[in-house]
Amino acid sequence: MLALHDTATSTVRRLLPDGAREMSLYVCGPTVYEMPHLGHGRALLVYDVLRRFVESQGVAVRHVSNVTDVDDKIIERAVREGTTPREVAERYEAAWWDASDRLGVLRPTSAPRATEYVAVMASMVAEMVAKGVAYVTPGGVYLDAGAVSDYGLLAGQPLESLRSGARVDVAPEKRGPHDFVLWKPSKPGEPGWDSPWGPGRPGWHTECVAMSLDLLGDSFDLHAGGMDLKFPHHENERAQAAVLGRSFSRHWMHHAFVTAAGEKMARSAGNFTTLTELVERTDPRAYRLLVLRSHYRQPLEVTRSTVAAAEEALERLDSLADRLSPDGQLLEVTADPDVVARFRSQMENDLDTPAATATLFGAVTRANAAADSGDERLSSSLGGAVLQSFSHVGLPLGRLFGRQASGPESAPGEEATELLRRREKARSDRDFATADALRAQLAEMGWTVEDTPSGARIRRSRR
RNA sequence: GGCGGCGUGGCCGAGUGGUUUAGGCAAGGGCCUGCAAAGCCCUGUACCCGGGUUCGAUUCCCGGCGCCGCCUCCA
């Protein structure tokens, strides 16, 4: 059974009860005011791997992830560009899903937008005001954090030691330093909705509570997001749920960041590479492999060179897949049960994807060795376990799945085919000078030729 | 200032009180090949520094040094 690190208890503990057939998952989604970057890509991949793995074990996943489409940053950008917040949000939401799709990430089962939930959020705020745990000021409606007995659980330290206002001014109307805004007034011209507290918009922390409770129920299995969301965002979500008497998430998962030259990659820091750029430049599966080869709670350095190394590693995997199954059809073989079991138990141990992929790479070597020595049964069962296990975490193997497979460059054109045919002829005539010249010509065109016992094979060269 | 984490061979990245040990990429040697490519085999005496515990520490403890994250919007 899958055990996962839980931020609330700082322990690795079982995620689902025995015999569970369904899992409910809430992942905090993006604020759509800028292009998604590599860090978002890692988030997308980490939770996609989790979801697919759980599903491969026969558990259905209800996966909700929000899109924040009303926010100060969106408004700022719209003002700067002389367009509407709505146009900005639509543009970057489209970019988000496009990048997600290209990474091979499953869409959430629901992806609600903040603007679609304003009424629900407003009534939630009203409920908190009615209960006397929230108060109204000219600068907005605030939740009294003091009303929550265990406020600060996810922060992992005493509240007094938090440096409120150390880096940013505390709003003067706040009664307590940890109080946070539930509803903020809109200035004229900004997006706003009518409310008992005047035209305004909901605070960010209210969004995810409203959506998760509404779509997953009062109590659900897992709430997830980046490390930076632990506090205050997730803490504040908990606070609202607590105050409303809802039990909320049973487990909290937080993943570590992508770093660039050791520093956190962030849109606000400006040190980011766009996800769109990555998936255009490389095989998106390489990024998934890179993510799989590190642990989700450790920072991951993503550079051209680490991505390139992942592409080479992927090449090794694809080669095996093609060797065992040149037509791309998964072989009807018994996947080696030891490899499958080992992979599974490593995955179940807090998603130990580095160990699990190491197991698979070990099986790749053994599968190739078996194939070299003509043991087809062994190589297929080992290789089958590799292909099956990787597919369970969203990584289909074989060059048919590579980026070239879908592009215009995927298949050799007439010219390349003709050169290859002539080279085969020259080789059978033992005219190696001509054969080598033709191979060089193909290399010029970006093709690598491999001679196999069953004839020559051609594939795209790496540059 | 508080809290959390990190420092591993050329690079990325796991892990562990001692036998053989991640794994990938890159590099060198070999096998295979007409030559290659792919594949297989072999090769690196890595664990920030200083103490301590121990028969033995990269792994545990203490003290340094360096780096990063959160406490503000942020995956």
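Computed from a predicted structure; not experimentally measured. A, B, ... follow the sequence lines: proteins, then strands. Residue 1 opens every chain. The analysis underlying the following values was restricted to heavy atoms, covering all of them including side chains, and did not include hydrogens, waters or symmetry mates.
- Atom OH of A/Y26 and atom C1' of B/A75 are 13 Å apart (whole Å).
- Looking at A/R439, its side chain comes within 3.5 Å of the base of B/A36 through a donor and an acceptor atom.
- If you measure from atom CZ of A/R427 to atom P of B/G34, you get 8 Å, rounded to the nearest angstrom.
- Using Watson-Crick or G-U wobble geometry with both donor-acceptor distances under 3.5 Å, B/C60 finds its partner in B/G52.
- Nucleotide B/G44 forms a pair with no other nucleotide shown, judged by Watson-Crick or G-U wobble geometry with both contacts under 3.5 Å.
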Taking N or O atoms only and anything under 3.5 Å, show me the protein contacts with nucleotides 26-32 of chain B, one pair per line.
none

Quiz prompt | A/F180 vs A/N236, side-chain contact (heavy atoms from CB on, under 4.5 Å): CA-CA, chis, key distance, verdict | solution = CA-CA 8 Å; A/F180 55 93; A/N236 289 350; 3.3 Å; yes

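- Atom pair A/H234:NE2 and B/C73:C1' shows a separation of 14 Å (rounding to whole Å applied).
- Not a single donor-acceptor contact under 3.5 angstrom links the side-chain atoms of A/K264 to the base of B/C68.
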Measure all distances between protein nitrogen or oxygen atoms and nitrogen or oxygen atoms of nucleotides 3-10 of chain B, and list the pairs falling under 3.5 Å.
from: B/C3; atom 1: O4'; to: A/Q157; atom 2: OE1; distance (Å): 3.3
from: B/C3; atom 1: O2'; to: A/G156; atom 2: O; distance (Å): 3.4

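- RNA chain B lies under 4.0 Å from at least one heavy atom of each of the following residues of residues 349-365 of chain A: A/P354, A/A358, A/F361, A/T365.
- Among the atoms of the strands shown, base atoms are found under 4.0 Å from some heavy atom of A/R423.
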